[in-house]
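So the structure is just underneath, and the comments pick up after that.
Side chains are part of it too, since the values below use all heavy atoms of this structure and drop only hydrogens, waters and symmetry mates.
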Protein chains: 2
Amino acid sequence: MSLRHAALGLLADGPASGYDLLKTFDRSLAFIWPATQSQLYGELNRLADDGLIEVSNEGPRGRKDYSITEQGRAELERWITDVEPDRIRRNEALLRVFFLGTVGPAHAKAYLEREATVHEDLEALLQTVERDTDWDTSDFNRYGHLVIESGRRYAHGQAQWAHWAATQVDNLETTEAPAQTR
Amino acid sequence: MSLRHAALGLLADGPASGYDLLKTFDRSLAFIWPATQSQLYGELNRLADDGLIEVSNEGPRGRKDYSITEQGRAELERWITDVEPDRIRRNEALLRVFFLGTVGPAHAKAYLEREATVHEDLEALLQTVERDTDWDTSDFNRYGHLVIESGRRYAHGQAQWAHWAATQVDNLETTEAPAQTR
DNA sequence: CGACGACCTGTCATATCTGACATGTCAGAG
DNA sequence: CTCTGACATGTCAGATATGACAGGTCGTCG
C-alpha cells in the first residue's frame with residue numbers, strides 16, 4: 001500500500017503526469033520502493049477516484065497532469081507522522097547466509113566476498129551520485145540526499161561485514177568435529 | 001519465490017514438520033524473510049510434489065516429518081552458488097524520508113529521532129540475542145550468528161545516520177528562502 | 001513526407017502474499 | 001473425566017505485484 005503514498009509524496013512537490021512520475025520514480029524511490037508502470041498508473045487512477053489527487057491539466061497524447069489536493073496533502077502528512085512504518089526488511093542475500101553451511105567453506109567464503117564486492121560497488125555508485133547531483137533544487141531532492149547517505153552507509157557497513165564474515169567461516173567450520181560432513 | 005528455498009534450507013539441517021519449521025522460522029528467518037503459516041504449508045506440499053523434499057515419517061495428529069532429498073540438496077546448492085540474489089530492499093521508513101519536506105522541520109526531526117530510537121532498540125535486542133544464544137549447535141545457528149551480526153551493525157549504522165540526519169534538517173530547511181511555505 | 005524514437009496511458013493473466021477461518025488431536029492438570 | 005493449551009495441517013477470499021502486451025500520438029531528422 002505504500003506506492004499509494006509514494007505517488008502522493010511525489011505529487012506534493014508539484015504537478016506531474018504518470019509518465020513524469022515514472023521517470024522520477026526510477027531515478028529515486030525505485031531503489032527503496034520498486035514499482036512497475038502498470039502499478040503506478042493504476043494507483044494514480046485510484047488516488048484520483050478517492051479525491052487525494054486531481055487531473056489539473058490535460059495535454060497532447062492523452063497526457064494527464066495530476067495535482068495533489070488538500071485532502072491528499074493531509075493524508076500524506078497523516079501517513080508520515082501518525083502511521084508507524086512497516087519494519088519488514090526482506091533480504092534475499094542475507095537469507096542465503098543462513099544456509100552457507102550446506103555448500104562448504106570454499107563456496108561460503110566466495111559467496112561472502114562476492115557480497116562484499118557488490119556492496120563496495122554500490123557504495124561507489126552512491127558516492128558518484130552524491131557527488132554529481134545538485135541536491136538543492138527541491139525539498140524532495142534535499143531529503144532524498146539524506147536517503148542516499150543512508151544507503152551509502154549501509155553499503156559500506158555491509159561490505160565491511162561481508163569481509164569480516166568471510167574471515168569467520170574457517171572458525172565456524174572447524175569448531176565442531178571436522179568430520180561432520182553433511 | 002525465496003520461501004521455497006528458505007524451507008529447503010531449513011530442512012537441510014535435518015527432518016522436521018511444518019509445525020517445527022514454523023517455530024524455527026519465526027525465531028530466525030522471519031526477521032529477514034517473513035512468511036505466514038499458510039504460505040509455509042503450501043510451499044511444503046509443492047516442494048514434496050516436485051521431489052525436493054519427502055515425507056520421511058508420519059506422527060500423531062497428522063504430523064508429517066519432511067526430509068530433504070538429494071534433488072533438494074542439489075537445488076539448494078544451485079540456488080546459493082549460481083543464482084544471483086534479488087537486490088530489492090524495500091524500506092518504508094526510508095521512503096518517508098523523501099517526503100519529510102512536506103511536514104515541516106519539527107515533524108521531520110521528530111521522525112528521524114524516532115527512527116534513531118527504533119534502531120537503537122533493535123540493536124539492543126540483537127545484542128541480547130547474540131549474548132544469550134548458544135550459536136554453536138548447528139551450521140544453521142553458526143551462520144545465523146553472522147546474520148545477527150549483520151543486523152546489529154545495520155541497526156547501529158541506521159541509528160547513527162538518523163541522529164546525523166536530524167541535525168541536517170535545519171540546514172536543509174534554511175538553504176532556500178525561509179518564506180517558501182507551500 | 002516518411003520513418004523513428006520518445007511520449008503516454010492503459011489492460012490482463014498469472015503469481016504471490018496476507019489474514020482469517022476451519023478442523024481436528026493429544027497430553028497433562030485439576 | 002473434563003478442560004485447556006499446545007500440537008498440527010489445511011482452505012479460501014481478497015489484496016498486491018509482476019511482466020507482457022496493446023494501442024495510440026507527436027516532433028524532428030533526413
Side-chain angles (χ1 to χ4, degrees), chain A residues 1-8 10-11 15-27 29-50 53-67 79 84-92 95, chain B residues 1-8 10-11 15-27 29-50 53-67 85-92 95:
Chain A
M1 274 294 291
S2 293
L3 174 62
R4 185 178 183 82
H5 294 96
L8 212 49
L10 249 21
L11 285 172
S17 69
Y19 193 79
D20 293 338
L21 290 179
L22 206 57
K23 279 190 299 181
T24 311
F25 206 89
D26 285 339
R27 281 186 290 103
L29 305 186
F31 288 94
I32 247 128
W33 205 270
T36 56
Q37 176 253 35
S38 50
Q39 238 182 314
L40 219 211
Y41 278 109
E43 201 58 60
L44 287 173
N45 283 319
R46 254 167 281 142
L47 280 164
D49 286 346
D50 296 346
I53 64 176
E54 61 189 6
V55 177
S56 55
N57 195 27
E58 305 208 16
R61 287 172 267 214
R63 178 190 173 96
K64 287 188 272 183
D65 278 288
Y66 290 100
S67 297
W79 180 68
E84 175 66 15
D86 249 351
R87 299 295 173 178
I88 293 172
R89 30 180 179 206
R90 286 208 154 93
N91 188 325
E92 214 188 283
L95 176 62
Chain B
M1 272 295 292
S2 292
L3 175 62
R4 187 178 181 82
H5 294 95
L8 213 48
L10 248 21
L11 285 172
S17 69
Y19 192 80
D20 292 340
L21 291 179
L22 205 58
K23 280 190 300 180
T24 311
F25 207 88
D26 285 338
R27 281 185 290 104
L29 306 186
F31 288 94
I32 247 127
W33 204 269
T36 57
Q37 175 253 35
S38 49
Q39 237 183 314
L40 219 210
Y41 278 110
E43 202 57 62
L44 287 173
N45 283 320
R46 255 167 279 141
L47 280 164
D49 286 347
D50 296 346
I53 63 175
E54 61 188 6
V55 178
S56 56
N57 195 27
E58 306 208 15
R61 289 172 265 212
R63 178 190 173 94
K64 287 189 273 183
D65 278 289
Y66 290 100
S67 297
D86 249 350
R87 299 294 173 177
I88 294 173
R89 37 201 158 190
R90 285 207 155 95
N91 189 327
E92 215 188 283
L95 176 62

>> Please encode protein proximity along nucleotides 18-23 of chain D as a string of B, S and -, counting only heavy-atom distances under 4.0 Å.
In response: BBB---

> Considering residues at least two apart in sequence or located in another chain, which fulfil the ring-ring contact (aromatic ring centres under 6.0 Å, His included) criterion with A/Trp79?
Replying inline: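 Residues passing ring-ring contact (aromatic ring centres under 6.0 Å, His included) with A/Trp79: A/His5.
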
Tell me every residue that passes side chain to side chain donor-acceptor pair (under 3.5 Å) with [X], counting only those two or more places apart in sequence or in another chain.
{"X": "A/Glu92", "value": "A/Arg96, B/Ser2"}
{"X": "A/Arg46", "value": "A/Glu43"}
{"X": "B/Ser38", "value": "B/Thr36"}

> How would you list, by chain and number, every residue that makes a side-chain contact (heavy atoms from CB on, under 4.5 Å) with A/Asn57, sequence neighbours excluded?
Replying inline: A/Asp65

> What residues, two or more places apart in sequence or in another chain, satisfy side-chain contact (heavy atoms from CB on, under 4.5 Å) together with A/Phe25?
Replying inline: A/Leu3, A/Ala6, A/Leu10, A/Leu29, A/Ala30, A/Ala35

Among residues at least two apart in sequence or on other chains, which ones pass salt bridge (Lys or Arg N to Asp or Glu O under 4.0 Å) with [X]?
{"X": "A/Glu58", "answer": "none"}
{"X": "B/Arg61", "answer": "none"}
{"X": "B/Asp50", "answer": "B/Arg4"}

>> Whole angstroms only, please: what is the OH-P distance between A/Tyr19 and D/dG27?
In response: 14 Å

> Just how far, in rounded Å, is C1' of D/dT16 from CG of A/Asp86?
Replying inline: 13 Å

> Which two nucleotides bound the region of DNA chain C that has atoms under 4.0 Å from heavy atoms of chain A, read 5' to 3'?
Replying inline: C/dA6 to C/dT18

>> Could you work out how much the helix from C/dC1-D/dG30 to C/dG30-D/dC1 bends, comparing the axis of its first five pairs with that of its last five, to 10°?
In response: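 End-to-end axis angle for the helix from C/dC1-D/dG30 to C/dG30-D/dC1: 10°, rounded to 10°.
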
> Which is it for A/Tyr66 and A/Asn45 under the side chain to side chain contact (heavy atoms under 4.5 Å, CB included) test, yes or no, and what are the steps along the way?
Replying inline: CA-CA 10 Å; A/Tyr66 290 100; A/Asn45 283 319; 3.6 Å; yes

> So which one's nearest nucleotide on DNA chain D is more toward 5', B/Lys23 or B/Leu44?
Replying inline: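 Upstream on the strand: B/Lys23.
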
> Which comes earlier along DNA chain D counting from the 5' end, the contact point of B/Asn45 or that of A/Glu43, where each point is its nearest nucleotide?
Replying inline: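 Checking each residue's closest nucleotide, the 5'-ward one belongs to B/Asn45.
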
